Protein chains: 2
Amino acid sequence: MKKARDMKSIEQALVAFYRNQKRMPTYAEMMDLFEVRSKSVVSYWIEKLIEKGILEKDAQGFLKLSGVSFGIPLVGNVAAGLPVSAEENAHDVVSMDEYLVARPDSSFLLRVTGDSMIGAGIMEGDLVVVERDRQPKNGDIVLAEVDGEWTMKYFRRQGRGVFLEAANPAYSTIHPQSELKIGGVIAASVRKYLM
Amino acid sequence: MKKARDMKSIEQALVAFYRNQKRMPTYAEMMDLFEVRSKSVVSYWIEKLIEKGILEKDAQGFLKLSGVSFGIPLVGNVAAGLPVSAEENAHDVVSMDEYLVARPDSSFLLRVTGDSMIGAGIMEGDLVVVERDRQPKNGDIVLAEVDGEWTMKYFRRQGRGVFLEAANPAYSTIHPQSELKIGGVIAASVRKYLM
DNA sequence: TTGACATTAGAACGTGCGTTCTATATAAGT
DNA sequence: ACTTATATAGAACGCACGTTCTAATGTCAA
């Protein structure tokens, strides 16, 4: 029987552990993960992974998975289709959190109700990531208060004035009279199909 | 001067540290984080946070932020608008990774090209999360090979037959002759507005 | 067969970790 | 004023952690 103990299987074991436990395993735990019976063997493999750049040690000597290895692979585009072997052409690996939420401290999520932004591909039930403390630019989608209700609209700048436009012809464009209350700028939208 | 050393500030310091370092700090590091000069004070506060349910210790005694506290708050829906104080009504906190990617080991990302699913609110440039090893149900959006090209279509089941339908009237429905190559089922779609 | 190299096992070691103790300072309640 | 509770500081302790050493085993080529 050949021990399936190569770098890839070890890396996968570490990623799986980190996904579940949200921390790196101790060397004792890695003995079980790697199916070896000595911590020195763990040290042996860890050193190899560090040389390969898969692992890092931070200033305090704690292990860290390099880059954003705990996301899922971004393999290409739809036309290219599914990855042949799910191995090699994993050009990049991204974490949804890091990709979608640039400023976690000033962001929050809202669930979309209504169809005012259907033309922009934002549908009822979607979640939108809203960044507050950010001034909207022309063409951004903003969360704004209109007639005492919060809705999502395109933010349009024309000359020295601004107005709000829905991405749905059923709604009329709004030229705010006095002040314009902006709750934030939509940074991203997500939709879930499978439960 | 009053020390701003309450549970909330401590929790925020821990979350911020975890976001940056992808691990929990040691007690020595927490002395700096909390601006105290004794590890016993750290222990004192950690115990309080554990009682409050903000922190946990796993089986090996390692600290862990409870729940999914390292996401961003889901505060309600668009009609309700932005959170008044960004504190209290944080009903739930979700991580985009956990929310969107249920099966990380059998999922991958694709960038959408073309407009065949525009009717379903999936536009060019979006990212879709694809789950392989999953049989599609009627109405699911699937990644399928049609005429040697990979595209996204609705998976329709009719009687004992199946066919593929685009969410765009410009594309015709496809009744596969022989076999039907399915690369996976679309689990989620995301779109990013701000760069 | 022999040698070189890669991989595993086991044990010993020093250090930093989290814990726990005592003591002191501040704030609030009666 | 006196008590009680809350919060901080400092020091000491035991142990688990990661490191490192020696040695044995497996693998492959010459």
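Note on naming: letters A, B, ... go to the chains in the order of the sequence lines (proteins, then strands), and numbering restarts at 1 for each one. Worth saying up front: this structure is predicted, and the values here are computed from it rather than measured.
Considering only the side chain of B/Val36, D/dA9 comes nearest among D/dA9, D/dG18, C/dA9.
Salt bridge A/Arg23/B/Asp58: present, at least one basic N to carboxylate O contact under 4.0 Å. Salt-bridge check for A/Asp105 with B/Arg19: passed, with a basic side-chain N closer than 4.0 Å to an acidic carboxylate O.
Both A/Ser38 and B/Lys57 lie close to DNA chain C; mapped to their nearest nucleotides by heavy-atom distance, the more 5′-ward contact belongs to A/Ser38. For the pair A/Ser40 and B/Tyr44, both in contact range of DNA chain D, the more 5′-proximal nearest nucleotide belongs to B/Tyr44.
If you check every strand for non-hydrogen atoms under 4.0 Å, B/Thr26 touches sugar and phosphate atoms only.
With rounding to whole Å, B/Met30 atom CE is found 17 Å from D/dT8 atom C1'. If you take CH2 of B/Trp45 and C1' of C/dG18, they are 19 Å apart, rounded to a whole angstrom. Atom CD in A/Gln60 sits about 8 Å away from atom P in C/dC17, given to the nearest Å. Spacing between atom CD of B/Glu47 and atom C1' of D/dT8 amounts to 15 Å, rounded to whole angstrom units. In this structure, the CE atom of A/Met24 is 15 Å from the P atom of D/dC17, given to the nearest Å. Remark: C1' of C/dT20 and CD1 of B/Ile46 are 16 Å apart, rounded to the nearest angstrom. Rounded to whole angstrom, the span from the NZ atom of B/Lys39 across to the P atom of D/dA11 amounts to 12 Å. As a whole-Å value, the separation of B/Arg37 CZ from D/dA7 C1' is 14 Å.
Note on B/Lys48: every side-chain N or O is 4.0 Å or more away from OP1 and OP2 of D/dT6.
Residue B/Glu47 qualifies as open at atom CD: its count of foreign heavy atoms under 6.0 Å is 12 or below.
Annotation: side chain of A/Met24 is not in contact with side chain of A/Phe62 (no heavy-atom distance under 4.5 Å).
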